[in-house]
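These notes concern the structure reproduced below.
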Amino acid sequence: MKWIVGLGNPGTKYQNTRHNVGFMAIDMLAKRWGISVTQSKCKALIGEGNVGGVKVVLIKPMTFMNLSGESVRAYMDYYKVPLEDLIVIYDDLDTELGRIRLRYQGSAGGHNGIKSIIQHIGTQTFNRIRMGITRPQPGSDIADYVLDNFAKSEQEKLAAMIEQTCDAAEFALNATFEQTMAKFNG
């Protein structure tokens, strides 16, 4: 069983923002795998399905980014799911737009959604797919930047990155996360 959490903010206002690439990836996986992510449970929208014999749960926390850990903890406690089966997908300022980086541990690196998850689950060790959104120009306000929509000129790289993220998540269903990192961190 794998439970995949995409980070973002609920509501149409944030739908196409840089901070919502985690939600975008979950939406693409749901479409690819024919899973409806509409059940409201554990402060999240959840969808369950079976992909090639593997039970998969897709989760979009509805707590807003900075409280994402509440939803992750609620799901973990209610369903008694192992942490090693978790994959968190989120935006990363320190990775260039269009690139993904996979890790299985590390600090929050200033990301409030990840900070909240670490706080609520009590460890920095969990599988992550970081989607690059590139750091803004010096002097720019980070909060404004991450809550801004992608530019038209960025759409092609964004679409390719979402596709690659979904490929990595799909590969991880039947491989160790170390094997997945080796394949997709190239």
#### Entry: Residues in side-chain hydrogen bond (donor to acceptor under 3.5 Å, both in side chains) contact with Glu178, at least two apart in sequence or another chain
none
### Message
Just so I know, are the side chains of Thr180 and Ile87 near enough to count as touching, which here means a heavy-atom distance under 4.5 Å?
### Response
no
### Task
Indicate, with yes or no, if Phe64 and Ile46 share a hydrophobic cluster defined by side-chain heavy-atom contacts under 4.5 Å among Ile, Leu, Val, Met, Phe, Trp and Tyr.
no
### Query
Ser140: what forms a side-chain contact (heavy atoms from CB on, under 4.5 Å) with it, not counting sequence neighbours?
Pro136, Gln137
### Task
Taking salt bridge (charged side-chain N to carboxylate O under 4.0 Å, His left out) as the test, write out the residues that go with Glu96, two or more places apart.
none
### Task
Could you tell me whether the side chain of Val88 reaches within less than 4.5 Å of the side chain of Val72, counting heavy atoms only?
no
### Task
Decide yes or no on side-chain contact (heavy atoms from CB on, under 4.5 Å) for Asp94 and Arg135, but give the supporting numbers first.
CA-CA 6 Å; Asp94 295 319; Arg135 193 167 279 283; 2.9 Å; yes
### Summary
Taken in chain and number order and not counting sequence neighbours, the residues that satisfy ring-ring contact (aromatic ring centres under 6.0 Å, His included) with His111 are His19, Tyr90
### Message
In the structure I gave you, are the side-chain heavy atoms of Thr95 and Met131 within less than 4.5 Å of one another anywhere?
### Response
no
### Message
Which residues pass the ring-ring contact (aromatic ring centres under 6.0 Å, His included) test with Phe171, not counting sequence neighbours?
### Response
Phe184
## Note on the structure
In terms of heavy-atom contacts, Leu102 and Ala168 come closest through CD2-CB, 4.3 Å
### Heavy-atom closest contact (Val57 atom, Lys55 atom, distance)
CG2-CE, 4.1 Å
### Main-chain N/O of Cys42 paired to Ser71 side chain as donor or acceptor, under 3.5 Å
yes
### Query
About how many Å separate SG of Cys166 and CG of Leu29, when rounded to the nearest 0.5 Å?
3.5 Å
### Message
List the residues meeting side-chain contact (heavy atoms from CB on, under 4.5 Å) with Gln15, not counting sequence neighbours, and say none if there are none.
### Response
Thr12
### Message
Using side-chain contact (heavy atoms from CB on, under 4.5 Å), reason through Ile4 and Ile129 one step at a time and then give a plain yes or no.
### Response
CA-CA 10 Å; Ile4 304 171; Ile129 302 176; over 6 Å; no
### Task
Group every Ile, Leu, Val, Met, Phe, Trp and Tyr by side-chain heavy-atom contacts under 4.5 Å, then state whether Leu58 and Leu173 land in the same group.
yes
### Message
So, taking the atom named CZ in Phe177 and the one named CD in Gln105, what distance separates them when rounded to the nearest 0.5 Å?
### Response
12.0 Å
### Message
Arg103: which residues meet the salt bridge (charged side-chain N to carboxylate O under 4.0 Å, His left out) condition with it, sequence neighbours left out?
### Response
none
### Query
Shared ILVMFWY cluster between Ile117 and Val81, side chains joined below 4.5 angstrom?
yes
#### Entry: Within-4.5 Å side-chain heavy-atom neighbours: Asn185 and Arg101
yes
### Task
Quick one: do Arg99 and Asp92 satisfy salt bridge (charged side-chain N to carboxylate O under 4.0 Å, His left out)? Show the steps, please.
CA-CA 10 Å; Arg99 299 195 55 158; Asp92 182 32; over 6 Å; no
### Query
Is the side chain of Thr165 donor-acceptor paired with the backbone N or O of Met161 at a distance under 3.5 Å, no angle test?
yes
### Task
State the CE-CG distance between Met65 and Asn112, to the nearest 0.5 angstrom.
9.0 Å
## Note on the structure
All heavy atoms of Ile89 vs all of Ala25, minimum pair found to be CG2-CB, 3.9 Å
### Test ring-ring contact (aromatic ring centres under 6.0 Å, His included) applied to Trp33 - qualifying residues, sequence neighbours left out
none
### Query
Are Ile133 and Leu93 side-chain neighbours, meaning at least one heavy-atom pair lies under 4.5 Å?
yes
### Task
Could you tell me which residues satisfy ring-ring contact (aromatic ring centres under 6.0 Å, His included) with Phe126, sequence neighbours excluded, listed by chain and number?
none
#### Entry: Non-hydrogen atoms of Ile59 and Ala44 that approach each other most closely
CG2-CB, 3.7 Å
#### Entry: Heavy-atom closest pair, residues Leu7 and Pro61
CD2-CG, 4.2 Å
### Query
If only atom types and distance count, is the side chain of Tyr75 paired as donor or acceptor with the main-chain N or O of Lys41 below 3.5 Å?
no
### Query
Quick one: CE on Met62 to CZ on Phe23, what's the gap to the nearest 0.5 Å?
4.0 Å
### Summary
Residues passing the salt bridge (charged side-chain N to carboxylate O under 4.0 Å, His left out) test with Lys115, sequence neighbours excluded, are none
### Student check: side-chain heavy atoms of Phe150 and Met24 closer than 4.5 Å
yes
### Query
Between atom CZ of Arg73 and atom OG1 of Thr63, what is the distance when rounded to the nearest 0.5 Å?
15.0 Å
### Message
Just verifying a value: how many Å separate Ile162 CD1 and Asp27 CG, rounded to the nearest 0.5 Å?
### Response
9.0 Å
### Task
Could you pull out all residues at least two apart from Asp91 that satisfy salt bridge (charged side-chain N to carboxylate O under 4.0 Å, His left out)?
none
### Query
Partners of Asn174 by side-chain contact (heavy atoms from CB on, under 4.5 Å), sequence neighbours excluded?
Val54
### Query
Is it true that Glu163 and Arg32 have a side-chain N and a carboxylate O under 4.0 angstrom from each other?
yes
### Query
Between Trp3 and Met76, is any pair of side-chain heavy atoms under 4.5 Å apart?
yes
### Summary
Scanning both residues in full, the closest heavy-atom pair of Ile26 with Val5 reads CD1-C, 4.2 Å
### Query
Do Tyr104 and Leu83 sit in the same hydrophobic cluster, where Ile, Leu, Val, Met, Phe, Trp and Tyr count as joined when their side-chain heavy atoms come under 4.5 Å apart?
no
### Task
State plainly whether one hydrophobic cluster holds both Tyr14 and Ile142, where clusters connect Ile, Leu, Val, Met, Phe, Trp and Tyr through side-chain heavy atoms under 4.5 angstrom apart.
yes
### Message
Quick check: do Asn9 and Asn20 have side-chain heavy atoms less than 4.5 Å from each other?
### Response
yes
